[in-house]
Amino acid sequence: MPPILLPPTPCAVNSTSRTAGDAITHRNRKLTTRRQHCRISVTTSCSSSPLSVAPALIANDPTARAFSALFKAASSPSPASPSLGAQLHAQAVVRGFLRDGDNTILSTAILNFYASCREPDLARRVFDRMPRRSAITWNALIKGYAHAGRRDEALALFRCMTRQDRVAPDKYTFPALLSGIGRNHGGGCVRELGGAVHAQVVKSGLDKDPFVGASLVSMYAATGALEDVKAVFDDVDTLDPVVWSSVISAYVNCKDEEGALITFYKMLCQDIKPRQFVYSSLFAICGSMSMLEMGRQVHAHSLKNITNKDAAMTNALLTMYSDCGCISDAWRVFNSNDIVDVISYNSMILALGQHAHPKEAAELFRRMKFSGLIPDEVTFLNLLSAFNHAGLVHEGLHLFDSMMDMEGIEPMYQHYACVIDMLARSGEIEESMKTIKEMPFEAETPLWRIVLGACSKHGDIETGMKIAKMLFHMEPYEPTNYILLGNIYARLGRWTDTEKIRSLMEKRGIDGDDAFSWIEMGQRTHRFGVDDRSHPISEEIYRNLDRLIGSIKAAGYVPDTSFATHSTEKDRREESLRYHCEKLAFAFGDLASPSGDTLRIMKNLRVCGDCHSAYKYFSLVTGRKIVLRDNHRFHHFYKGACSCGDYW
DNA sequence: TTAGGGTTAG
C-alpha cells in the first residue's frame with residue numbers, strides 16, 4: 001500500500017471584525033464605505049459571503065453607496081444566497097434609497113446581484129422599476145435568465161433590447177446570451193440559435209472581440225461542432241490567452257484530447273503564457289487518459305508559470321494524480337493547497353474512496369466539518385461511494401439516513417442509486433429491490449443493470465431473469481444487458497444458453513464494447529486488446545506471460561474458468577482467459593520496466609475476476625506493486641493481496 | 001456588467 005500522508009487540519013474560516021477602518025474585503029476585492037465604521041475580512045476558503053456582514057453594516061446607518069458596494073461584492077465570483085440579498089434589498093427600500101427606482105447605481109447593483117445568484121425574476125422586478133434602461137441593465141438581465149438556464153426568455157429579452165428599445169448590443173451582451181444557449185448542452189436547436197446569434201455578432205462587428213470569441217467557442221463546443229470552434233478561433237484576436245483556453249477546453253469537451261494537447265503546444269510556440277484555466281483543462285485530460293508522465297510534465301510547467309494558484313487548478317491537479325493511480329501524490333497536493341474549498345474535500349474524499357481508503361475518507365469528512373466548511377450533496381455522494389467500494393454497508397446506510405438530519409440535504413437520485421448498488425452488491429438483492437420501489441424517483445436502466453450484475457454475482461437467477469426481461473424490453477439494443485444475462489448463464493454452467501445469447505446478439509447486429517488495457521511506458525502508451533498480437537514485441541510478451549502464468553500456478557493460482565464465457569470445453573475456457581488484455585499489459589510492463597518498479601495499468605471495462613486473482617499472484621511472484629484502474633475504481637496489488645479486499 | 005477551468009452512482 002502506498003503511504004498515506006495525513007493532511008494538516010485546515011483553517012478555513014477567519015473572520016476578524018468590527019474594529020477601525022472602513023473596508024470590506026472579499027477575495028481580493030476591496031470596497032470602501034464612507035459612514036459606517038466596520039472592518040470585516042473573509043478568507044477565500046470561507047463558505048460565508050460579504051452579505052454576512054450586512055447586520056453590522058445596517059447597524060451603522062449606511063449610505064446608498066455602501067449598499068451598492070455590498071451588493072457588488074456579493075455578486076461575484078460566488079454569489080451569496082438570494083434570501084440574504086432580499087433582506088438587504090428590503091432595508092434599502094425602507095431607507096428610501098430606491099424610491100421611484102431612481103438610483104441607477106444601487107438598482108443596477110441589486111439587479112446584477114439577483115442575476116448572479118440565478119434569480120432572474122427578482123432581477124426583472126428591479127429592472128422594471130428602473131426609469132432608465134441602458135445596455136448595462138439589459139445585459140445584466142439577459143445574463144440572469146441565461147445563467148438560470150432560461151434560454152428562451154434570455155433570447156426574447158435580447159430581441160426586446162435590440163428591436164423595441166433599440167439599444168445596440170455590445171461586447172458584454174453576447175457572452176451573456178451565448179452562455180445561456182450553450183448551457184443547454186447541445187439539446188434543442190442550439191446550433192441553429194447559436195448560428196443566428198453568431199450572425200448578429202458579425203453584424204455588430206464584434207467577431208474579433210476575445211470575450212465574444214471565447215463565448216462563441218464554448219457555445220459551439222457544447223454542440224460538439226469542433227469545425228465551427230476552429231472557424232471562430234481563426235477569426236478572433238488569437239493573442240488573447242482567454243481564447244486559447246476556451247479552445248483547449250472546447251477540445252476537451254468534444255473528447256479530442258490530442259487536439260487539446262496540440263493546441264497547448266501551439267499556444268506555447270506563440271509565446272502565450274498559459275493561465276490557471278489552461279492547466280486545469282490539461283490536468284483533466286491527463287487524468288482521464290491516465291497519462292501520468294504527461295501529467296507530471298504539465299504540473300512542472302505550471303509551477304514555472306503560475307505564481308498564484310487557485311482552488312480549481314489545484315483541485316484538477318489533485319484529481320489528475322488520483323486518476324493516474326497516485327493517491328499519495330493527490331494527498332500531497334491536497335496538503336499543499338492554501339485554498340481548500342468544498343470541492344477540494346469532495347475531490348479528496350472521492351479519491352480516497354476509489355483507492356479503497358474508506359476510513360481516511362470518513363476522517364476527512366469529519367475534518368471538513370470541523371474546519372467550518374459545509375458538506376454538500378456531492379460530499380455525501382462521494383463518501384457513500386467510498387463506503388460502497390469497501391462494502392461498508394452499515395456505515396453507508398447510516399450516512400444515507402443521517403443526510404437530512406445532519407445537513408438538511410435531501411437525497412438525490414444518485415444517492416439512492418449508490419445505496420441500491422451497495423445493498424445489491426453485498427447480496428441484499430431483496431432490500432435493494434424494495435428501495436427501488438420506495439424511492440421517490442423512477443429507476444433508470446443503468447441502475448437496473450447494476451442490480452442485474454449483482455444478481456449474477458450472488459446467483460439470484462429468478463430476480464436476474466425478471467430484470468433482464470424488463471431491460472430487453474426497454475433497451476433491446478443495449479449490449480450490456482445481453483452480456484450480463486450471458487454471465488448469469490455462464491456462472492450456472494449453462495453454456496448452451498450463453499451461446500444462444502451470443503448468437504442472438506450477432507443476429508441483431510449488437511456488438512459489445514471490446515475490452516482493452518493500456519500502460520504508459522517510455523513516454524508512449526501501449527494498448528492491448530484480448531488475444532492481441534499487434535504489438536511489435538508481441539512474441540516476447542506472450543512468452544513472458546506464459547512464463548508468469550507458470551510461476552503463479554506454482555504459487556497456487558488456479559484459473560477461474562467461471563469467468564470464461566466463450567466456450568464449452570474446460571481447456572479452451574482456460575485458454576480463453578490466459579490472454580486477457582490486462583494480463584498482456586502486465587506481461588509487457590514486467591518485461592519493459594526494471595524489476596521492483598510499480599506498474600500502473602488501465603482497463604476500459606471492469607477487471608475480470610480471474611485477472612484479479614492472477615494480478616494478486618503476479619504481485620507476489622514479481623515483488624511488484626501494481627495499480628490497476630478499471631472503469632469502476634482502483635485496485636492496489638501488493639504481496640499477493642489487493643486493496644479492495646476482493647470486494648468490488 | 002463581460003469569457004474560459006476543478007468534485008458528482010458503476
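Letters A, B, ... mirror the listed sequences (proteins, then strands); counts begin at 1. Predicted model only: the values in this text are computed from it and were never measured. Reckoned from all heavy atoms, side chains included, excluding hydrogens, waters and symmetry mates.
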Please check if the distance between the ring centroids of [X] and [Y] is under 6.0 Å.
X	Y	answer
A/His389	A/Trp648	no
A/Trp138	A/Phe127	yes
A/Phe211	A/Tyr172	no
A/Tyr251	A/Phe264	no
A/His89	A/Phe113	no

Between atom [atom1] in [X] and atom [atom2] in [N], what is the gap in whole Å?
X	N	atom1	atom2	result
A/His415	B/dT8	NE2	P	13 Å
A/Asn604	B/dG10	CG	P	17 Å
A/Phe174	B/dG4	CZ	P	16 Å
A/Lys171	B/dT2	NZ	P	12 Å
A/Leu352	B/dT8	CG	P	13 Å
A/Phe233	B/dG4	CZ	C1'	13 Å
A/Gln276	B/dA3	CD	C1'	14 Å
A/Ile339	B/dT7	CD1	C1'	16 Å

Closest listed nucleotide, where the reference is the side chain of [X] and the choices are [options]:
X	options	answer
A/Ser215	B/dG5, B/dA3, B/dG10	B/dA3
A/Val378	B/dT8, B/dA9, B/dG5	B/dT8
A/Ile136	B/dA9, B/dT1, B/dG10	B/dT1
A/Asn253	B/dA9, B/dG5, B/dT1	B/dG5
A/Lys143	B/dT7, B/dG5, B/dT2	B/dT2
A/Ser280	B/dT7, B/dG5, B/dG4	B/dG5

With a 4.0 Å cutoff (strictly under), does any side-chain N or O of [X] reach OP1 or OP2 of [N]?
X	N	answer
A/Thr319	B/dT7	no
A/Lys72	B/dT1	yes
A/Ser385	B/dA9	no
A/His389	B/dG10	yes

Look at all strands and tell whether [X] reaches a base, only sugar-phosphate, or nothing, counting heavy atoms closer than 4.0 Å.
X	value
A/Ala284	nothing
A/Pro210	nothing
A/Leu350	sugar-phosphate
A/Arg606	sugar-phosphate
A/Asn112	sugar-phosphate
A/Ser245	base

Task: Ring-face cation of A/Lys143 near A/Phe174 (centre distance under 6.0 Å, axis angle within 45°) - done: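 No, a cation-pi geometry is absent between A/Lys143 and A/Phe174.
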Open item on the list: Taking atom types as they are modelled, would you say the side chain of A/Asn388 forms a donor-acceptor pair with the base of B/dG10 within the 3.5 Å cutoff?
Closed with: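 It does not, because no donor-acceptor pair links the side chain of A/Asn388 to the base of B/dG10 below 3.5 Å.
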TODO: Please state whether the base of B/dG4 and the side chain of A/Ser246 form at least one donor-acceptor pair under 3.5 Å?
DONE: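 No.
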Open item on the list: Check for me: is A/Phe211 stacked on B/dT2 by the 5.5 Å centroid and 30° plane-angle rule?
Closed with: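 Stacking is present between B/dT2 and A/Phe211, given that their ring centres fall under 5.5 Å apart and the planes under 30°.
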Open item on the list: Could you tell me if the side chain of A/Lys603 sits less than 4.5 Å from the side chain of A/Asn631, heavy atoms only?
Closed with: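 Side-chain contact under 4.5 Å: no.
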